[in-house]
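Position 1 is the first residue of the sequence, and the numbers go up from there.
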Amino acid sequence: MRYKTKVTVVTGGKAYNPGTILPADISSADLAFLKSKKFVEPADVAPVFADEADDPEDEGGDFSGFNEKVPDALKSPEEIRKIRTKKDIFGYAASVGLDLGENYEEKALKELQEIVINFQEEKLEEETGSDAEEE
């Protein structure tokens with residue numbers, strides 16, 4: 001996952017101004033510190049807000065976080081269990097409105113998958129539950 005700076009960040013002998021996307025090779029210790037102080041925010045979560053100058057060839061059509069046939073559709077539990085990285089789970093969770101928190105990397109992949117699945121089930125129950133209670 002890539003992160004965008006909220007403040008000027010100096011690391012590895014380089015300065016990154018606010019709004020700059022940090023390189024992927026930033027040290028995990030530096031990144032953990034920046035995240036704990038909320039000096040950075042995920043840049044991969046909201047590609048709609050990304051600066052088009054970052055990748056002029058990107059037309060937004062290759063984002064795999066949504067079902068391409070029905071953009072607003074949630075992934076099935078089986079599809080969620082097929083996600084193989086914590087970063088991908090974090091990105092998908094953010095796309096459906098779930099914040100896994102800054103310590104999501106400390107949790108097991110299966111635990112994160114179950115958190116997302118449970119969140120989606122609760123979300124569906126809320127949406128359909130109010131209709132069922134009226135009957």
Side-chain angles (χ1 to χ4, degrees):
M1 172 167 296
R2 305 286 300 271
Y3 290 90
K4 183 169 53 171
T5 61
K6 293 181 179 180
V7 298
T8 300
V9 173
V10 179
T11 182
K14 296 181 182 177
Y16 302 95
N17 293 326
T20 304
I21 295 180
L22 293 173
D25 63 348
I26 188 170
S27 77
S28 58
D30 286 347
L31 186 58
F33 173 78
L34 294 170
K35 289 182 351 187
S36 72
K37 298 295 182 183
K38 300 191 187 287
F39 291 155
V40 294
E41 62 187 4
D44 295 340
V45 175
V48 174
F49 300 111
D51 186 4
E52 291 181 12
D54 290 344
D55 187 1
E57 294 179 15
D58 183 17
E59 296 177 1
D62 61 348
F63 180 69
S64 62
F66 299 111
N67 181 335
E68 293 177 8
K69 294 178 183 172
V70 184
D72 295 330
L74 300 175
K75 290 184 182 263
S76 70
E78 293 78 25
E79 290 173 310
I80 293 170
R81 288 187 184 100
K82 289 180 183 177
I83 297 175
R84 293 288 165 223
T85 67
K86 293 178 183 181
K87 290 179 182 179
D88 289 343
I89 283 285
F90 180 84
Y92 175 70
S95 74
V96 297
L98 173 61
D99 180 16
L100 292 174
E102 293 182 16
N103 65 342
Y104 77 94
E105 292 174 341
E106 298 170 6
K107 296 179 181 174
L109 177 63
K110 289 187 183 263
E111 182 181 356
L112 294 172
Q113 291 169 336
E114 290 304 316
I115 290 170
V116 173
I117 291 169
N118 291 338
F119 173 79
Q120 285 189 167
E121 288 174 354
E122 290 173 11
K123 190 174 181 180
L124 286 173
E125 284 178 15
E126 288 175 8
E127 291 174 3
T128 59
S130 59
D131 295 338
E133 291 174 7
E134 293 175 5
E135 292 178 10

Please step through side chain to side chain contact (heavy atoms under 4.5 Å, CB included) for the pair I115 and K107, ending with a clear verdict.
-> CA-CA 11 Å; I115 290 170; K107 296 179 181 174; 4.1 Å; yes

Could you walk me through whether K87 and E105 pass the salt bridge (Lys or Arg N to Asp or Glu O under 4.0 Å) test, one step at a time?
-> CA-CA 8 Å; K87 290 179 182 179; E105 292 174 341; 5.6 Å; no

Start with the C-alpha distance between R81 and E114, add both sets of side-chain angles, then the distance that settles side chain to side chain contact (heavy atoms under 4.5 Å, CB included), and finish with yes or no.
-> CA-CA 8 Å; R81 288 187 184 100; E114 290 304 316; 3.3 Å; yes

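Considering every non-hydrogen atom in both I89 and Q113, the closest pair reads CD1-CG, 3.6 Å. K6 and P18 make their closest contact through O-CB, 3.6 Å (heavy atoms, listed as atom of the first residue, atom of the second, distance).
Looking at L34, L31, I21, I26 one by one, the single match for side chain to side chain contact (heavy atoms under 4.5 Å, CB included) with Y3 turns out to be L31. Partner of L112 under the side chain to side chain contact (heavy atoms under 4.5 Å, CB included) criterion, out of I80, D88, L100, I83: L100 alone.
Legend: ring-ring contact (aromatic ring centres under 6.0 Å, His included) pairs involving residues 97-128, not counting sequence neighbours, sorted by first then second residue: F90-Y104.
No side-chain heavy atom of D30 sits under 4.5 Å from any side-chain heavy atom of V9. The closest side-chain heavy-atom distance from K75 to K82 is not below 4.5 Å. In this structure the side chain of K35 reaches within 4.5 angstrom of the side chain of V40, judged on heavy atoms.
Taking T20 as the reference, T5, Y16, N17 meet the side-chain contact (heavy atoms from CB on, under 4.5 Å) condition, with sequence neighbours excluded. By the ring pair (Phe, Tyr, Trp, His ring centres under 6.0 Å) test, F39 pairs with no residue at all, sequence neighbours left out.
Remark: side-chain polar atoms of K86 are not paired, donor with acceptor, to backbone N or O of E106 under 3.5 angstrom.
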